[in-house]
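Please read through the structure below; I'll follow up with questions.
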Amino acid sequence: MIDLRLLREDPDRVRASQRARGEDVDVVDALLSADERRRSSSVRFDELRSEQKVLGKQIPKAQGDERAELLARASELAAAVKAADAEQDKAAEEAQSLLLRLGNVVHPDVPVGGEEDFAVLETVGTPRDFAAEGFEPKDHLELGQLLGAIDVERAAKVSGSRFYYLTGVGALLELALVNAAIAQATEAGFIPMLTPALVKPRAMEGTGFLGQAAENVYHLERDDFYLVGTSEVPLAGYHMDEILDADRLPLRYAGFSPCFRREAGTYGKDTRGIFRVHQFDKVEMFSYVAPEDAEAEHKRLLDWEKQWLTGLGLPFQVIDVATGDLGASASRKFDCEAWIPTQGKYRELTSASNCDEFQARRLSIRIRGERGTRPLATLNGTLCAVPRTIVALLENHQLADGSVRVPEVLRPYLGGRELLEPVAK
RNA sequence: GGAGGCUUCGCCUAGUCUGGUCUAUGGCGCCGCACUGCUAAUGCGGUUUGGGCUAACCGCCCAUCCCGGGUUCAAAUCCCGGAGCCUCCGCCA
């Protein structure tokens, strides 16, 4: 959630942010008035309650008629206090629910617009020229099937569309990717974490996934658990309701977990292969930093992602995601998009978001230091979302006969293999 | 799934039976000041979190004793419901 003080002092900035996101601007004024009502009702309650306490102290000392009179007055006051309390609760609840509907205030440099209005910040590497090499590239699914690495037919039988088995070398490839990613993160000072995939509503709400994104979240009705779409959720929730010593920062965690996504509203999109699936594994970087360090940390997360993709030998571009395509929590988001030869375009592989204090306020995570007790900033960035990374690896490193060259960083985790070769049918 | 115990302001802890004097005790830690030629020791003061009043500071008010209800003029304290932790039993990895 955003800072209510900012809202009161500079509502125009919040209105502009909502407008840029393409979201409801009227919430801002509704919230301002709800906040006003909340404060006035709380003042009324405070006064009555104060009076009640003063009166209450006189009762045990009083005798006879005086006591009876005090009791009568106290009884009236008690009713008034109760009513004021209820009114205060109602106003606070209204303000809170409006507050939760507001997205984070967008960073001023973010390009305004929808999904297509991103800005390309840089391009790294060059896509291969398959025509010059003299063969037509196969897509990842065809390659995966030749290698005995991916089985989507049987997954459809067992679980339906958008599911997959990684088999044989495919399974080994995931484990190698995960190990290499965790190794890079650990090297950079991240603490490796294996996290819960089922979380309570509070964690989901706190990370900002129950607003616009709610339709993409699996919910277990009977137990009121949510299946996380990313380990960002349990990693953000990890320090929920805590006050951390300022000098413990930055705190960096590398989470590895399954991720579940309903992919509502994507019917017909990316239906072939494993580019868009309901369940996948991911290594995610997550940082807790002081608010003034958030922008620098955002750049660092991006650098680690670039290091990772560069190591895998993938050509990619970095984009500054437009206002309309940011999640509710992010003030700014950098995506790395890898070149997918058979699609002839760059597709999202990783995503680094700066959430500033937005999640920390919702989850009540603060730091205590020289500047007092205040919310901290949280940031997250993908290191390796497995299926998409496999898609990019297979397609970009394929040879004419359907073999796939293994990038050097992965070889130690694949028993030194340099080449994945088609299996005999 | 069943039975019992526990949960107090960073940590430990008193208080709960018997409601008001709890504005929550004490120790540790931490911060400030004083004193001692250093460290230490000692003394004094401060030290939950959130909201609000105020131009701001000082100050003051309200809430907060795991959470939510209830009883009462009044709840850390009594009653009901729930959560978490621990122990035992059952079942299962």
Side-chain angles (χ1 to χ4, degrees), chain A residues 1-10 31-100 102 194-206 220-226 234 237-249 251 258 288 290-291 357-376:
Chain A
M1 66 184 76
I2 67 163
D3 188 354
L4 268 178
R5 258 173 275 268
L6 168 73
L7 182 80
R8 281 181 216 139
E9 285 162 19
D10 194 359
L31 178 52
L32 279 170
S33 103
D35 180 50
E36 189 59 46
R37 268 178 283 130
R38 177 188 66 85
R39 277 183 294 161
S40 61
S41 65
S42 114
V43 167
R44 202 152 45 238
F45 169 79
D46 285 357
E47 284 167 358
L48 284 168
R49 179 68 180 149
S50 179
E51 200 181 330
Q52 183 187 35
K53 284 170 75 166
V54 171
L55 196 62
K57 281 187 184 127
Q58 297 168 359
I59 291 175
K61 294 178 232 154
Q63 297 290 328
D65 285 351
E66 192 195 350
R67 186 183 170 94
E69 192 190 320
L70 283 175
L71 278 176
R73 271 177 59 204
S75 190
E76 281 169 35
L77 251 183
V81 165
K82 196 170 176 179
D85 192 18
E87 200 179 311
Q88 177 187 233
D89 281 352
K90 187 163 163 268
E93 225 169 88
E94 275 173 26
Q96 183 66 13
S97 84
L98 285 165
L99 184 56
L100 286 176
L102 276 184
L194 298 175
T195 61
L198 295 181
V199 299
K200 298 197 272 192
R202 173 90 197 284
M204 214 63 189
E205 174 94 272
L220 301 185
E221 197 89 28
R222 186 166 173 184
D223 301 286
D224 203 11
F225 276 130
Y226 289 93
Y238 190 65
H239 288 297
M240 179 162 80
D241 295 325
E242 293 182 24
I243 299 176
L244 305 169
D245 257 331
D247 51 22
R248 280 183 68 190
L249 302 183
L251 268 177
Y288 292 87
E357 299 115 294
F358 186 84
Q359 291 178 330
R361 280 210 184 81
R362 292 176 159 223
L363 293 166
S364 180
I365 308 171
R366 286 155 291 175
I367 43 171
R368 193 188 341 252
E370 282 170 9
R371 293 173 57 180
T373 302
R374 59 195 175 119
L376 46 68

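Here the structure is a predicted model, which means the values were calculated and not measured.
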Side chain to side chain, A:L220 and A:Y226, heavy atoms closer than 4.5 Å
no

Identify each atom pair where a protein N or O and an N or O of nucleotides 75-86 of chain B are less than 3.5 Å apart, giving names and distance.
none

Taking atom P in both B:C6 and B:U72, what distance in whole Å separates the two?
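Comparing P positions in B:C6 and B:U72 gives a spacing of 28 Å.
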
Under 3.5 Å on both distances, the Watson-Crick or G-U partner of B:U77:
none

Taking atom C1' of B:G10 as reference, at what distance in whole Å does atom CD1 of A:I367 sit?
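So the two atoms are 17 Å apart, to the nearest Å.
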
Can you tell me how far apart NZ (A:K82) and CD (A:Q52) are? Round to the nearest 0.5 Å.
11.5 Å

Could you measure between the two C1' atoms, the one in B:C73 and the one in B:G52, and give it in whole Å?
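After rounding to an integer number of Å, I get 26 Å for this pair.
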
Below 3.5 Å is the cut-off: list the nitrogen or oxygen pairs between protein and nucleotides 19-24 of chain B, distance only.
residue	atom	partner	partner atom	Å
B:G20	N2	A:G56	O	3.2

Would the distance check show the side chain of A:R49 and the main-chain N or O of A:V81 forming a donor-acceptor pair, the cut-off being under 3.5 Å?
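Between the backbone of A:V81 and the side chain of A:R49 there is no qualifying donor-acceptor contact (under 3.5 Å).
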
Flag yes if more than 12 heavy atoms outside A:E69 fall under 6.0 Å of its CD atom; otherwise flag no.
no

Test side chain to side chain contact (heavy atoms under 4.5 Å, CB included) on A:M1 and A:L102; report intermediate values, then the result.
CA-CA 7 Å; A:M1 66 184 76; A:L102 276 184; over 6 Å; no

Taking a pair to mean Watson-Crick or G-U wobble geometry with both distances below 3.5 Å, B:G84 pairs with B:C6

What do you reckon, is CD of A:E242 surrounded by more than 12 foreign heavy atoms closer than 6.0 Å?
yes

Can you find a heavy atom in the side chain of A:D241 that is under 4.5 Å from one in the side chain of A:R202?
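Yes, their side chains come closer than 4.5 Å.
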
P atoms of B:C86 and B:G27, separation to the nearest Å:
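Between the two P atoms, the distance is 31 Å.
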
Looking at A:R38 and A:D35, is there a salt bridge between them, counting it only when a charged N and a carboxylate O are closer than 4.0 Å?
yes

Could you state the CD-C1' distance from A:E51 to B:C73, rounded to the nearest angstrom?
13 Å

Provide the Watson-Crick or G-U wobble partner of B:U72, both distances under 3.5 Å; none if there is no partner.
none

5' precedence on RNA chain B between A:Q52 and A:R368 (nearest-nucleotide basis):
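Nearest-nucleotide comparison on RNA chain B picks A:R368.
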
Who pairs with B:C91 - Watson-Crick or G-U, where each distance is under 3.5 Å
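Pair assignment: B:C91 / none.
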
Integer-rounded Å distance: B:G29 P and A:D245 CG:
17 Å

Across every strand shown, the nucleotide meeting Watson-Crick or G-U wobble geometry with B:C44 (both distances under 3.5 Å) is B:G32

With both distances kept under 3.5 Å, what pairs with B:C11, Watson-Crick or G-U wobble?
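Partner of B:C11: B:G27.
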
Rounded to the nearest 0.5 Å, what separates atom CZ in A:R8 from atom CG in A:D10?
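Result: 13.5 Å between the selected atoms.
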
Does A:R374 reach the side chain of A:I367, with side-chain heavy atoms less than 4.5 Å apart?
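Yes, at least one pair of side-chain atoms sits under 4.5 Å.
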
Polar atom pairs between nucleotides 50-60 of chain B and protein, under 3.5 Å, N or O only, would you list them?
residue	atom	partner	partner atom	Å
B:G50	OP1	A:R366	NH1	3.0
B:G51	N2	A:D46	OD2	3.1
B:G52	OP1	A:R8	NH2	3.0
B:G52	OP1	A:R38	NH2	3.1

Any donor-acceptor pair under 3.5 Å linking the side chain of A:D245 with the backbone of A:D247?
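Flag not set: sc A:D245 to bb A:D247 has no pair under 3.5 Å.
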
